[in-house]
Amino acid sequence: MNALMQIRPVFFGLFLLTVIAMTFALVFLQETLGLAPCPLCITQRVFVILVGLFALLAFLHNPQGWGRRLYSLLCLLSAVAGGAVAMRHIWLQSLPEELAPACGPSLGYMLETLPLAETFSVVMMGDGNCAEVVWTFMGLSIPEQTLIVFVAMAGVSLFQLLRKR
């Protein structure tokens with residue numbers, strides 16, 4: 001049977017995509033280039049990890065019927081949420097310098113001192129660190145590249161969700 005028509009290889013491929021994305025972020029961007037992730041970058045990483053976790057669980061469980069749809073929906077929702085955060089990040093980077101928000105406290109500090117709801121609100125607003133384009137590849141900033149990954153993840157998840165078998 002064609003590998004694309006089998007459930008497990010597709011979920012494994014989705015999991016593998018998340019491993020590659022996180023390895024790139026941690027090893028190349030953070031360790032090799034020394035780029036510290038901003039709060040929106042960390043949030044995007046959380047959503048990449050969620051997609052990978054749900055895809056790994058689906059691969060291990062090998063669900064049929066509604067189980068496949070449930071795992072696919074969880075992957076899709078995580079990818080869409082991550083894509084929304086990436087779009088917010090891209091929007092912040094596109095603002096003129098005088099309209100960009102001021103730099104704020106670190107995510108660790110906010111988590112320690114602010115209530116979770118307020119921390120979430122502050123993180124989604126972004127700060128000056130998020131508005132700065134620190135690295136590009138082929139003319140694309142890091143959140144633009146991440147958005148492409150989220151679109152691919154959402155496409156695969158939607159394929160798994162809507163397919164007949």
Side-chain angles (χ1 to χ4, degrees), residues 1-33 35-95 107 119-121 123-127 129-165:
M1 182 183 257
N2 188 350
L4 281 180
M5 297 314 295
Q6 296 177 7
I7 293 167
R8 289 185 92 184
V10 175
F11 277 122
F12 183 74
L14 191 57
F15 169 70
L16 192 59
L17 178 60
T18 65
V19 169
I20 292 168
M22 287 307 299
T23 302
F24 175 78
L26 294 172
V27 173
F28 182 71
L29 295 176
Q30 197 166 332
E31 295 300 321
T32 303
L33 297 180
L35 302 176
C38 71
L40 287 178
C41 291
I42 293 170
T43 306
Q44 290 169 65
R45 289 180 185 186
V46 168
F47 285 113
V48 168
I49 291 168
L50 279 175
V51 172
L53 179 65
F54 294 135
L56 178 63
L57 290 173
F59 170 74
L60 295 173
H61 181 221
N62 194 22
Q64 303 298 319
W66 69 268
R68 171 182 49 87
R69 288 185 178 90
L70 177 63
Y71 283 120
S72 300
L73 182 62
L74 292 171
C75 289
L76 178 62
L77 291 174
S78 299
V80 167
V85 174
M87 286 189 290
R88 171 76 177 165
H89 200 167
I90 293 165
W91 177 77
L92 282 171
Q93 289 183 340
S94 70
L95 291 175
L107 182 61
T119 299
F120 178 77
S121 176
V123 167
M124 287 300 109
M125 290 299 296
D127 65 12
N129 296 327
C130 297
E132 184 182 352
V133 177
V134 294
W135 184 79
T136 61
F137 178 71
M138 294 176 39
L140 297 172
S141 67
I142 297 169
E144 290 169 333
Q145 295 169 40
T146 307
L147 180 60
I148 292 170
V149 172
F150 280 126
V151 168
M153 291 174 176
V156 170
S157 300
L158 192 60
F159 169 75
Q160 285 286 76
L161 181 65
L162 299 177
R163 69 190 222 167
K164 301 290 182 207
R165 285 183 73 199

Asks: Nearest 0.5 Å please: distance from the CG atom of L16 over to the CG atom of L56.
Replies: 11.0 Å
Asks: With heavy-atom distances below 4.5 Å as the criterion, would you say the side chains of P63 and L70 are in contact?
Replies: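 P63 does not reach L70 side chain to side chain.
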Asks: Any side-chain heavy atom of I148 sitting closer than 4.5 Å to one from L140?
Replies: yes
Asks: So, taking the atom named CE in M22 and the one named CD1 in I49, what distance separates them when rounded to the nearest 0.5 Å?
Replies: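 Atom-to-atom, M22:CE and I49:CD1 are 4.0 Å apart.
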Asks: Between F12 and F59, does a ring pair (Phe, Tyr, Trp, His ring centres under 6.0 Å) hold up when you go through it step by step?
Replies: CA-CA 6 Å; F12 183 74; F59 170 74; 5.0 Å; yes
Asks: Would you say that V48 contacts V51 through its side chain, given a criterion of any heavy-atom pair below 4.5 Å between the two side chains?
Replies: no
Asks: Is there a donor-acceptor contact under 3.5 Å from the side chain of R68 to the main chain of I7?
Replies: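 No; judged by distance alone, with no hydrogens or angles, the pair does not exist.
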Asks: Taking the side chain as everything from C-beta on, heavy atoms only, tell me whether M153 gets closer than 4.5 Å to C75.
Replies: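 When only atoms from C-beta onward are counted, C75 and M153 do not touch, as no gap falls below 4.5 Å.
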Asks: Starting at CZ of R69, measure out to CD of Q64 and round the result to the nearest 0.5 Å.
Replies: 10.5 Å
Asks: Would the distance check show the side chain of E144 and the main-chain N or O of S141 forming a donor-acceptor pair, the cut-off being under 3.5 Å?
Replies: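 Side chain of E144 to backbone of S141, a donor-acceptor pair under 3.5 Å: yes, one is there.
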Asks: How long is the straight-line distance from SG of C41 back to CD of Q30, given to the nearest 0.5 Å?
Replies: 9.5 Å
Asks: Counting C-beta onward and ignoring hydrogens, is there a side-chain heavy-atom pair between E31 and L26 closer than 4.5 Å?
Replies: no
Asks: Less than 4.5 Å apart, side chain to side chain, heavy atoms only: is that true for V85 and T146?
Replies: no
Asks: Let me confirm one number: the OG-CG distance from S157 to L76, rounded to the nearest 0.5 Å.
Replies: 5.5 Å
Asks: Please give me the minimum heavy-atom distance between A86 and F150, naming the atom from each residue.
Replies: CB-CD1, 4.4 Å
Asks: Does Q6 reach the side chain of V10, with side-chain heavy atoms less than 4.5 Å apart?
Replies: no
Asks: Please report the shortest heavy-atom distance between Q44 and P143, naming the atom on each side.
Replies: OE1-CA, 4.0 Å
Asks: For the atom pair CG (N62) and OH (Y71), what is the distance rounded to the nearest 0.5 Å?
Replies: 10.0 Å
Asks: Taking C-beta and beyond as the side chain, do R88 and Q93 meet within less than 4.5 Å on heavy atoms?
Replies: no
Asks: Using a 3.5 Å distance criterion without hydrogens, assess whether the side chain of T32 forms a donor-acceptor pair with backbone atoms of L29.
Replies: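 Such a contact is absent between T32 side chain and L29 backbone.
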Asks: Of F159, F11, F54, which is the lone residue that meets side-chain contact (heavy atoms from CB on, under 4.5 Å) with S72?
Replies: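 The residue from F159, F11, F54 that satisfies side-chain contact (heavy atoms from CB on, under 4.5 Å) with S72 turns out to be F11.
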